[in-house]
Amino acid sequence: MSAFLIGLCSALCVLGGGLLGMGLQRVMQQHHLSKEMQDLVKLSAVTIATLTALVLGLLVSSAKSAFDNVNTGIVQGGAKIIFLDRALARYGPETGEAREELKKSVAVGLESIWPSEKTGGSVMTSFEKDNGMEVVQDKLSKISPTTPAQGLWLNQARQLASDLGQTRWMLIEESHAQLPTPLLVILIFWLTLLFVSFGLFAPRSRMAIIVLAAGAGAISAAIFLVFELTSPFDGMIKVSSAPMRSAYEHLGK
């Protein structure tokens with residue numbers, strides 16, 4: 001399920017809780033709406049609100065950290081690709097095939113993760129199947145240096161290629177990280193209970209419904225943000241392709 005649908009479902013559930021609370025006013029007896037009962041409900045609401053704010057805040061922070069890690073991996077990967085190409089260029093013309101394969105691999109990765117036209121499905125599927133960096137490593141393993149300088153550049157190139165391969169799989173695994181479903185269900189349940197308590201003592205008016213809807217929308221936007229940030233290559237909020245496109249423009253020069 002997409003982040004938008006999850007956010008929409010959570011908004012409907014939370015708003016439904018507020019409307020349920022307003023509806024319960026019609027069937028509850030008057031002593032159930034006394035001052036003492038209002039104080040008890042407010043105390044429970046404060047407890048639930050504190051727990052919800054704590055959990056939701058931690059989720060947003062964790063999702064943002066994961067998004068930043070992926071973005072940092074993209075930036076570092078772009079820099080290593082440029083350095084790898086420069087190291088191969090300094091080695092000599094014997095690395096021409098490896099440089100061409102590196103440029104091809106970067107082009108395939110760009111089109112896989114940031115396609116010019118959205119074709120549907122996960123953008124990481126074709127990226128996982130691409131083995132261009134492994135081909136580069138295979139070509140580098142077949143090269144035999146003849147001078148100490150060539151040996152130095154070749155060792156650096158092999159290390160950079162290995163680091164890029166590791167970064168690639170790190171990005172793939174990061175993209176598969178998902179928020180546990182039970183945690184999401186519990187969070188929405190808490191929010192629904194909280195809005196039920198709001199609706200119990202809210203005036204039955206159009207303005208009250210609008211206020212409850214605005215609150216439900218704001219909270220659901222935070223849930224939407226969490227799911228968007230945990231999918232850095234899909235959805236509306238995506239990591240920038242600028243570092244990799246910049247690296248691609250420097251290849252072969």
Side-chain angles (χ1 to χ4, degrees), residues 1-71 122 124 173-239:
M1 187 180 295
S2 67
F4 177 78
L5 290 178
I6 293 175
L8 180 60
C9 291
S10 63
L12 293 176
C13 290
V14 174
L15 178 59
L19 297 178
L20 175 62
M22 296 178 69
L24 289 176
Q25 294 183 32
R26 300 177 180 273
V27 298
M28 294 179 65
Q29 298 181 8
Q30 190 61 36
H31 68 274
H32 290 155
L33 303 176
S34 63
K35 181 65 168 57
E36 291 77 10
M37 183 58 67
Q38 291 185 27
D39 293 339
L40 178 60
V41 171
K42 289 179 181 178
L43 181 61
S44 299
V46 169
T47 303
I48 297 174
T50 302
L51 288 172
T52 303
L54 179 61
V55 173
L56 193 56
L58 290 175
L59 288 177
V60 172
S61 177
S62 177
K64 182 61 169 59
S65 296
F67 184 88
D68 289 340
N69 289 338
V70 172
N71 189 62
S122 174
M124 298 302 290
E173 292 302 316
E174 285 278 2
S175 69
H176 291 323
Q178 295 293 331
L179 183 68
T181 301
L183 180 59
L184 174 64
V185 173
I186 292 174
L187 182 60
I188 294 178
F189 175 69
W190 285 349
L191 290 170
T192 302
L193 282 181
L194 185 62
F195 271 65
V196 168
S197 67
F198 293 163
L200 278 176
F201 304 105
R204 292 193 293 270
S205 64
R206 184 175 303 175
M207 181 56 66
I209 296 176
I210 293 176
V211 172
L212 289 174
I219 293 176
S220 299
I223 296 177
F224 165 80
L225 185 62
V226 169
F227 277 87
E228 277 290 292
L229 292 176
T230 53
S231 301
F233 298 108
D234 293 293
M236 299 173 59
I237 304 176
K238 300 168 62 175
V239 291

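Quick note: numbers below take in every heavy atom, side chains included, and nothing from hydrogens, waters or symmetry partners. What you see is a predicted model, and the numbers here were worked out from it, not measured in a lab.
Residues forming a side-chain hydrogen bond (donor to acceptor under 3.5 Å, both in side chains) with Ser10 (at least two apart in sequence, or on another chain): Ser220. By the side-chain contact (heavy atoms from CB on, under 4.5 Å) test, Leu184 is found to be paired with Ile6, Leu179, Ile188, Ile223, Phe227, residues two or more places apart in sequence or in another chain being considered. Shown here are the side-chain hydrogen bond (donor to acceptor under 3.5 Å, both in side chains) partners of Asn71, two or more places apart in sequence or in another chain: there are none. Applying the ring pair (Phe, Tyr, Trp, His ring centres under 6.0 Å) test to Phe224 and every residue at least two apart in sequence or in another chain returns nothing. In this structure, the side-chain contact (heavy atoms from CB on, under 4.5 Å) partners of Thr50, at least two apart in sequence or on a different chain, are Val46. Every side-chain contact (heavy atoms from CB on, under 4.5 Å) that Ile48 has, sequence neighbours left out, goes to Thr52, Trp190, Leu193, Leu194.
The two atoms that bring Gly215 and Phe195 nearest to each other are C-CZ, 3.7 Å, heavy atoms only. Nearest heavy-atom pair across Val226 and Ala63 is O-CB, 3.7 Å. A pairwise comparison of heavy atoms in Ala216 and Leu15 identifies CB-N, 3.9 Å as the closest pair. The minimum heavy-atom distance linking Phe201 with Gln25 is given by the pair N-NE2, 3.8 Å. Listed here is the closest heavy atom pair of Ser197 and Val41: CB-CG1, 3.6 Å. The shortest non-hydrogen separation linking Pro203 to Met22 is O-CE, 3.4 Å.
Counting only distance, with no hydrogens or angles, the side chain of Glu228 and the backbone of Met236 share a donor-acceptor pair below 3.5 Å.
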Quiz prompt | Evaluation steps, side-chain contact (heavy atoms from CB on, under 4.5 Å), between Leu20 and Thr192 | solution = CA-CA 10 Å; Leu20 175 62; Thr192 302; over 6 Å; no
Exercise. Output, in order, the C-alpha distance, side-chain angles, deciding distance and verdict of side-chain contact (heavy atoms from CB on, under 4.5 Å) for Val70 and Phe233.
Key: CA-CA 9 Å; Val70 172; Phe233 298 108; 3.5 Å; yes
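Contact check for Leu212 versus Val14: no side-chain heavy atoms found under the 4.5 Å cut-off. Looking at Ser61 and Leu58, their side chains never come closer than 4.5 Å, going by heavy atoms from C-beta outward. Using a 4.5 Å cut-off on side-chain heavy atoms (C-beta onward), Leu225 and Ile237 make contact.
If you take SG on Cys9 and CG on Leu12, they are separated by 6.5 Å, rounding to the nearest 0.5 Å. Taking CD1 from Ile219 and CG from Leu187, the interatomic distance works out to 9.0 Å, rounded to the nearest 0.5 Å. Atom OG of Ser2 sits about 9.0 Å away from atom CG of Leu8, to the nearest 0.5 Å.
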